[in-house]
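Scroll down for the structure; my scribbles are underneath it.
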Amino acid sequence: MKLKKTDILKALEKISAPGEGQNLVESGSVTNIQVFGDEVEVDVTIKNPSLQAKKKTEVEILKIIHSEVYEKAKIKVNLKVDAPAKPKVNQIKGNPIPGIQNIIAVASGKGGVGKSTVTANLAVTLAKMGFKVGLLDTDIYGPSMPIMFDVATEKPLSINVDGKAKMKPIENYGVKLLSIGFFTQPNQAVIWRGPMAAKALNQMIFDAHWGELDFLLLDLPPGTGDIHLSIMQSLPVTGAVVVSTPQEIALADARKGVAMFQQESINVPVLGIVENMAYFTPAELPDNKYHIFGENGAKNLSEDLGVPFLGEIPLVQSIREAGDVGRPAALQTATPTEEAFEELTKNVVQELVRRNTDLPPTEAIKITTMAGCSAVKKK
């Protein structure tokens with residue numbers, strides 16, 4: 001049987017548009033009807049986003065065409081929702097910590113991409129630029145910052161602050177540092193469930209005397225799990241930096257890391273993506289670049305996701321060696337490595353300034369200029 005578009009429109013006038021007080025045709029919800037013999041394709045757009053409204057509308061269209069037009073009609077309903085978009089506001093969650101102006105989370109979806117190395121060098125470069133910097137190693141199960149800052153044997157002291165016992169962070173290279181690694185033995189594994197790990201993390205955050213800080217960097221563990229959620233719920237995180245290598249496997253997880261921060265329930269501004277181990281240049285061939293893990297992968301990902309590209313860090317043996325001996329490579333003066341970390345740090349601060357300018361100021365956001373973003377004069 002050949003169906004007529006006018007008969008179908010007439011039938012659809014008997015169905016109410018969800019929540020609009022008009023029928024589907026009057027409200028303009030029926031955007032297109034195509035008829036091919038006994039086949040009907042109906043395009044419908046409604047404003048009610050609920051699953052119940054969508055299902056009800058689709059079922060009613062099928063029923064009315066079968067009962068009013070042709071009971072054996074083959075019907076396809078293409079239903080779209082055009083609900084008014086809620087304005088997306090970057091929220092600052094958690095309880096502000098007195099004295100801490102900006103909190104930056106450094107994350108990676110995947111382990112082994114050099115996230116902790118980037119965090120450590122970002123911290124010391126900020127300190128060289130004259131900022132007051134703290135670093136919280138939130139990787140409860142694999143803390144590495146005590147080794148990277150050459151303070152693995154140190155233990156935080158308990159001090160009295162306004163009648164309360166507080167932990168005093170360990171300090172080296174101008175960076176205040178706390179890590180679960182200070183409270184465990186080198187060969188001791190931390191075998192805790194999520195709630196226990198979150199409790200320990202909260203103690204290092206709120207039971208510590210950080211003093212006045214321009215930046216508190218959070219070295220997050222790999223993945224998107226318990227610790228990440230605990231941090232977002234506890235702290236007013238100003239922004240996030242995602243670290244990846246150019247390798248496709250690492251980029252797939254970095255994409256998830258960005259998605260975690262952009263999720264509506266979390267909604268932390270992503271300051272940008274860092275491409276670590278971007279290329280290798282042998283000392284004997286300083287003009288050559290070998291892209292061992294791929295080329296421009298993180299840069300292309302940042303363009304794809306619409307987030308800033310913060311810079312690239314080369315694959316250099318001295319960066320690994322510096323981390324192992326506890327003296328971050330950014331402290332090596334007048335080297336390409338130092339320059340790479342300085343460029344990265346300036347870009348991070350620049351994006352932070354932009355983020356603080358674009359969003360309403362809060363107690364946790366104070367830095368509004370690029371003042372201080374030049375390294376100390378090299379001797």
Side-chain angles (χ1 to χ4, degrees), residues 1-94 107 109 223-226 228-230 232-233 237 240 242 251-270 300-307 355 358-360:
M1 177 179 176
K2 186 174 181 180
L3 305 179
K4 294 181 180 179
K5 189 183 291 188
T6 53
D7 293 338
I8 295 167
L9 275 172
K10 189 174 180 181
L12 294 178
E13 288 177 352
K14 297 181 180 181
I15 301 175
S16 297
E20 296 186 42
Q22 294 176 301
N23 65 54
L24 287 178
V25 179
E26 287 176 338
S27 66
S29 298
V30 179
T31 57
N32 191 31
I33 296 176
Q34 295 186 66
V35 178
F36 310 95
D38 62 351
E39 296 180 12
V40 181
E41 189 165 339
V42 183
D43 294 341
V44 180
T45 302
I46 62 174
K47 294 182 179 178
N48 190 329
S50 72
L51 181 62
Q52 183 182 3
K54 291 188 283 186
K55 192 65 181 174
K56 183 171 182 274
T57 303
E58 185 176 353
V59 169
E60 286 184 346
I61 291 172
L62 295 174
K63 280 185 178 179
I64 201 71
I65 294 176
H66 282 146
S67 63
E68 299 285 332
V69 184
Y70 180 46
E71 63 180 358
K72 294 183 179 179
K74 298 172 185 175
I75 308 165
K76 181 181 179 183
V77 179
N78 301 317
L79 200 148
K80 294 182 181 178
V81 175
D82 185 22
K86 294 180 181 178
K88 187 175 181 180
V89 179
N90 289 109
Q91 301 163 355
I92 302 299
K93 298 180 178 65
T224 53
D226 262 1
H228 305 76
L229 290 175
S230 296
M232 302 310 152
Q233 291 170 348
V237 178
V242 177
L251 294 171
D253 289 337
R255 185 183 292 270
K256 295 172 188 173
V258 172
M260 174 187 69
F261 290 113
Q262 292 180 336
Q263 194 161 321
E264 190 173 353
S265 58
I266 295 176
N267 214 9
V268 169
V270 177
N300 294 336
L301 177 63
S302 70
E303 292 174 1
D304 185 33
L305 297 178
V307 298
R355 173 256 178 281
D358 291 345
L359 294 176

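Heavy atoms only: backbone and side chains are in, while hydrogens, waters and symmetry mates are out. Residue indices begin at 1 and follow the sequence shown.
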Show, in sequence, the C-alpha distance, side-chain angles and deciding distance for Asp253 and Lys256, and conclude whether the salt bridge (charged side-chain N to carboxylate O under 4.0 Å, His left out) test is met. CA-CA 5 Å; Asp253 289 337; Lys256 295 172 188 173; 3.7 Å; yes

Using side-chain contact (heavy atoms from CB on, under 4.5 Å), reason through Asn48 and Thr57 one step at a time and then give a plain yes or no. CA-CA 10 Å; Asn48 190 329; Thr57 303; over 6 Å; no

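Going from atom CG of Leu12 over to atom CG of Leu24 covers 6.0 Å, rounded to the nearest 0.5 Å. Rounding to the nearest 0.5 angstrom, the gap separating the CD atom in Gln34 from the NZ atom in Lys76 is 10.0 Å. Distance check: Asn300 CG to Leu251 CG gives 8.5 Å after rounding to the nearest 0.5 Å. Note that CG of Leu3 and CD1 of Ile65 are 8.5 Å apart. Values are rounded to the nearest 0.5 Å. How far CD of Glu58 is from CG of Asn78: 9.0 Å, rounded to the nearest 0.5 Å. Distance check, rounded to the nearest 0.5 Å: OG of Ser16 to CD of Glu26 gives 9.5 Å.
If you run side chain to side chain contact (heavy atoms under 4.5 Å, CB included) between Tyr70 and each of Val40, Asp7, Ile75, Asp38, only Asp38 comes through.
When every heavy atom of Lys54 is checked against every heavy atom of Val81, the shortest pair comes out as CD-CG2, 3.4 Å. Nearest heavy-atom pair, Val268 versus Ala240, reported as atom, atom and distance to 0.1 Å: CG1-N, 4.1 Å. The two residues Ala73 and His66 have their closest heavy-atom pair at O-NE2, 2.9 Å. Contact between Ala11 and Val69 at its shortest, heavy atoms only, is CB-CG2, 4.0 Å. The two residues Pro269 and Arg355 make their nearest non-hydrogen contact at CG-NE, 3.8 Å.
With sequence neighbours left out, Lys56 forms a salt bridge (charged side-chain N to carboxylate O under 4.0 Å, His left out) with Glu60.
Without hydrogens or angle criteria, Lys5 side chain to Val35 main chain gives no donor-acceptor distance under 3.5 Å. Judged purely by atom type and a 3.5 angstrom limit, Thr31 uses its side chain to pair as donor or acceptor with the backbone of Asp43.
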